[in-house]
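Below: one structure, written as structure tokens.
For reference, positions follow the sequence shown, starting with 1.
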Amino acid sequence: MSENVVHLHKPNDPPTGDTAPTVLTVVPDAPPVRPVPLWVRSGRVIRAGVTHERTKTVFRATVRHSLYTLNGGRIVARRAWDGRTGSRYERMIRAAEAAGNLEAAEEWEERLQRFRAARHHRRMDLLHSPVEAAKGVAVGAGMSVGVLVALGVVLAISTGHVGDVVTPLSATIDFIALLMRIVQIVWGPALTIGPFLALLALWSVGRKQHAAPAWALPANVRGGEGEPITPSIVVKALRDLGIPALRKAIKEMGDAGASMLSPIVIAGCGVEVDVTLPSGVATNEVQNKRRKLAENLTRHEHEVFITIPTAARTVRLWIADSGALDEPIGPSPLVTDETLTANYKTGKAPWGQDLRGDAAQLSLYQRHLLVTGLSNQGKTASLRALALWLALDRSVQFWIADLKGIGDWAMFDGIAEVLIEGPSDEHVIRATEMVEDAVEEMNRRIEERRRDPSIAFPPLIVLVDEAQLAFMCPVKGEDGRPYGGSKATSRYFMAVRKIHNQGRAVDVLMWQGTQDPTDQNLPKLVREGAHTRASLVLGTESQARMALGDKAVDGGAAPHLLRQGLDKGTLVVASDGITIPAGQASITVRTHFIDDEPAAEIAARAKALRDGVTTLRVVDQTEERDALADVAAVIGDAPRLRTNEVLKRLHSLAPKVYGDQWTNDRLKSLLEEHGEEPKKSHGVMVVHRDHVLRALANRDADGSASASQ
């Protein structure tokens with residue numbers, strides 16, 4: 001791009017040597033600025049005007065008030081038609097028949113017959129009314145004239161003027177003429193104003209009924225978040241579900257669908273109502289519309305629960321107060337009441353609250369337990385809360401395997417007779433052997449019970465947290481049998497099945513907590529062997545059926561509809577050990593959260609009740625190794641090796657020590673600790689043999705030691 005330099009001088013001043021010329025740099029290649037076409041600018045202005053909030057508000061107001069008048073006329077016409085015909089009675093008859101109430105149907109039919117008979121008499125009377133009206137007018141007029149003449153005679157006698165005889169009659173005629181003139185004056189304006197008054201009346205009717213689309217209503221009416229639940233709101237929500245048979249039935253009911261509803265009662269932090277569906281509408285059709293029903297009720301999906309009670313063709317709706325389920329439920333009685341004790345046989349664990357706000361207590365007597373759900377949703381906390389309560393019964397024994405291994409069950413050291421903590425295959429093997437030992441203990445108890453039927457045994461709780469690791473363990477024993485799996489050759493699977501089959505009779509109980517249930521990590525026979533099945537939030541309905549069973553899910557249990565991350569600790573429970581409303585197959589429980597510190601305090605109280613338990617702690621039995629010396633050994637005589645190759649050789653040298661936890665970063669940290677670090681060679685990170693040997697020499701000279709652990 002070239003530049004032209006032009007010297008400019010003022011026009012009236014001649015150039016001098018002292019005058020510096022003005023330099024103007026011209027860029028001839030710069031593209032010219034094109035003006036925006038008029039049609040583009042006009043379109044932008046029109047779009048801005050149409051999308052402006054004020055325009056939207058005016059449009060909504062126009063539509064709203066127009067439909068108020070139109071629908072108000074429809075409502076008035078419907079009321080007039082109902083008043084003049086028997087359609088109201090016919091709708092009530094159909095509603096009673098749909099509800100199966102034949103007595104009410106007969107009563108409404110009798111009322112319809114009486115209405116028709118009265119209407120017939122009125123119509124027959126209208127046939128004779130003109131003649132009778134004419135006779136009445138004639139007789140009335142004659143009597144009126146006679147009365148007026150009599151008054152005139154009296155007036156004439158009183159005044160002595162004969163002309164006063166017609167004075168009352170002429171006064172009456174003048175009054176009638178005055179009324180006619182008033183009517184003539186008012187009639188014109190009345191004809192003009194009358195239609196406007198009629199439209200105003202129709203608008204008022206429509207406004208009171210909110211007879212306009214929801215999007216056109218005012219904000220305070222349209223966004224009724226948290227508004228009280230009334231019968232009309234419930235019926236309207238059901239009508240707008242998009243179920244044609246339900247909508248048609250509600251439309252034909254004389255009471256606008258109110259007969260479908262039971263009384264709305266307060267239930268904890270919400271309300272509860274039973275809805276008897278009309279013929280032709282199945283309960284699962286309403287269940288499948290849960291989100292739409294909740295939004296029609298101005299609630300979120302998680303704030304509406306639909307269950308199936310015992311009554312036929314009935315759904316039970318529990319509708320929470322807006323935002324109530326996001327509020328905490330308070331601390332556990334185990335934390336607030338230091339005198340609280342437990343009784344395995346007759347007591348119930350204070351687990352949390354149900355949706356009604358009542359205390360949810362679970363009996364653990366001779367019941368196998370399964371708690372499942374997605375990761376980090378409160379599974380361990382809910383399972384641990386039950387164990388902490390039961391630990392306050394000194395007769396109960398615990399064998400615990402925590403396959404997560406991050407200290408969630410550390411407070412049971414001194415309570416549990418066996419405590420395994422760790423996620424490795426070695427820990428899974430120990431957990432499997434623990435369950436197999438429990439099977440042997442069960443068999444011993446059964447044999448003693450045969451000899452002495454009156455003998456009683458202390459309850460033994462065999463608890464495996466993160467049990468999916470045990471089912472999915474690929475390791476095989478010396479006999480070739482796998483520890484994991486779901487076949488008859490699986491050691492863990494078969495041990496659990498044996499306890500499920502016979503353990504309850506001698507108080508050997510299996511408790512398991514597992515993540516994300518599938519047929520691979522939670523076999524069907526194992527999950528169906530649990531008497532108490534509880535589920536936190538899950539991803540799919542199929543997982544919910546695995547966790548709770550088909551009966552519970554078909555009855556309304558929906559852990560897959562809970563909110564991940566927001567409904568932590570909320571469980572859907574299917575068990576005969578907890579009070580469930582009649583006709584329901586499950587109950588939703590919001591569990592108390594007991595943090596690690598108060599859990600340790602509760603465990604301390606449990607230890608004080610016991611004579612002292614020596615806990616067999618199974619820890620990682622890996623050997624201690626000199627990591628720096630091992631690095632030098634795997635490099636050998638090679639001048640350098642890639643870091644990935646070094647890690648591979650370390651893993652082959654000692655798999656239990658240099659497992660998956662050893663990464664490039666850990667190897668780099670080890671070498672940096674001794675003043676060396678991996679270097680790049682041709683763009684690849686390598687470890688030099690001389691650098692490692694130098695680090696070993698410096699370390700030995702300083703008298704220091706390094707261990708892998």
Exercise. Locate the shortest heavy-atom distance separating V537 from L562; write the atom from each residue and the value.
Key: CG2-O, 3.3 Å
Quiz item: Who are the ring pair (Phe, Tyr, Trp, His ring centres under 6.0 Å) partners of Y344, not counting sequence neighbours?
Solution: Y365
Exercise. Go through the steps to decide whether K289 and E285 satisfy the test salt bridge (charged side-chain N to carboxylate O under 4.0 Å, His left out), and finish with yes or no.
Key: CA-CA 7 Å; K289 299 278 189 176; E285 292 183 80; over 6 Å; no
Self-check item: Nearest heavy-atom neighbours spanning L392 and L340
Solution: CD1-O, 3.4 Å
Exercise. Among Q512, H531, E528, find the one that has a side chain to side chain contact (heavy atoms under 4.5 Å, CB included) with L370.
Key: Q512
Quiz item: How far does CG of L364 sit from CD1 of I461, to the nearest 0.5 angstrom?
Solution: 7.0 Å
Quiz item: Given W409 and E421, is the side-chain hydrogen bond (donor to acceptor under 3.5 Å, both in side chains) satisfied, shown in steps?
Solution: CA-CA 8 Å; W409 297 88; E421 295 179 289; over 6 Å; no
For residues 568-582, which side-chain donor-acceptor pairs fall under 3.5 Å, sequence neighbours excluded?
unit_1	atom_1	unit_2	atom_2	d
S575	OG	T532	OG1	2.7
S575	OG	G577	N	2.9
D576	OD1	R367	NE	2.9

Exercise. Check whether more than 12 heavy atoms from other residues, nucleotides or ligands sit under 6.0 Å from atom CD1 of I266, and answer yes or no.
Key: no
Exercise. Can you sort out the partners of Q543 under side chain to side chain donor-acceptor pair (under 3.5 Å), two or more places apart, ordered by chain and number?
Key: D516
Exercise. Not counting sequence neighbours, list each pair that qualifies as a salt bridge (charged side-chain N to carboxylate O under 4.0 Å, His left out) and has a residue in residues 484-500.
Key: E436-R491
Quiz item: Can you tell me how far the OG1 atom of T380 sits from the CG atom of D402, to the nearest 0.5 Å?
Solution: 7.0 Å
Quiz prompt | Sequence-distant partners of E301, salt bridge (Lys or Arg N to Asp or Glu O under 4.0 Å), two or more places apart | solution = R291
Practice problem: Could you tell me which residues satisfy salt bridge (Lys or Arg N to Asp or Glu O under 4.0 Å) with R445, sequence neighbours excluded, listed by chain and number? | Solution: E441
Self-check item: Counterpart residues, side chain to side chain donor-acceptor pair (under 3.5 Å), relative to T307 (two or more places apart)
Solution: Q584
Exercise. Sort and list the pairs that fulfil salt bridge (charged side-chain N to carboxylate O under 4.0 Å, His left out) and have at least one residue in residues 460-471, not counting sequence neighbours.
Key: K379-D465, K379-E466, K404-E466
Quiz item: Who passes salt bridge (Lys or Arg N to Asp or Glu O under 4.0 Å) against R545, sequence neighbours left out?
Solution: E541, D550, D554
Quiz item: Less than 4.0 Å between a side-chain N and a carboxylate O, is that true for R450 and E447?
Solution: yes
Exercise. Taking atom types as modelled, find out whether W351 and Q361 have a side-chain donor-acceptor pair closer than 3.5 angstrom.
Key: no
Exercise. Applying ring pair (Phe, Tyr, Trp, His ring centres under 6.0 Å), name anything that partners Y492, two or more places apart in sequence or on another chain.
Key: F471
Self-check item: Residue list, ring pair (Phe, Tyr, Trp, His ring centres under 6.0 Å) with H500, at least two apart or on another chain
Solution: H368
Exercise. Quick one: closest heavy-atom pair of A391 and F412, and the distance?
Key: CB-CE2, 4.2 Å
Quiz item: Charged N to carboxylate O below 4.0 Å: is that the case for E448 and R444?
Solution: yes
Quiz item: Residues two or more places apart in sequence or in another chain: which of them pass side chain to side chain donor-acceptor pair (under 3.5 Å) with N376?
Solution: none
Quiz item: What's the spacing between K524 NZ and S486 OG if we round to 0.5 Å?
Solution: 12.5 Å
Quiz prompt | NZ/NE/NH1/NH2 to OD/OE distance under 4.0 Å, E426 and R430 | solution = yes
Quiz prompt | Reported CZ-to-OG1 distance for the pair R481 and T432, which is rounded to 0.5 angstrom | solution = 10.5 Å
Self-check item: Considering all heavy atoms, the nearest L246-V281 contact
Solution: N-CG2, 3.6 Å
Quiz item: Are R290 and F305 in a cation-pi setup, meaning NZ or CZ lies under 6.0 angstrom from the ring centre and within 45 degrees of the ring axis?
Solution: yes
Quiz prompt | salt bridge (charged side-chain N to carboxylate O under 4.0 Å, His left out) between D413 and K607, intermediate numbers included | solution = CA-CA 9 Å; D413 187 2; K607 295 174 187 177; over 6 Å; no
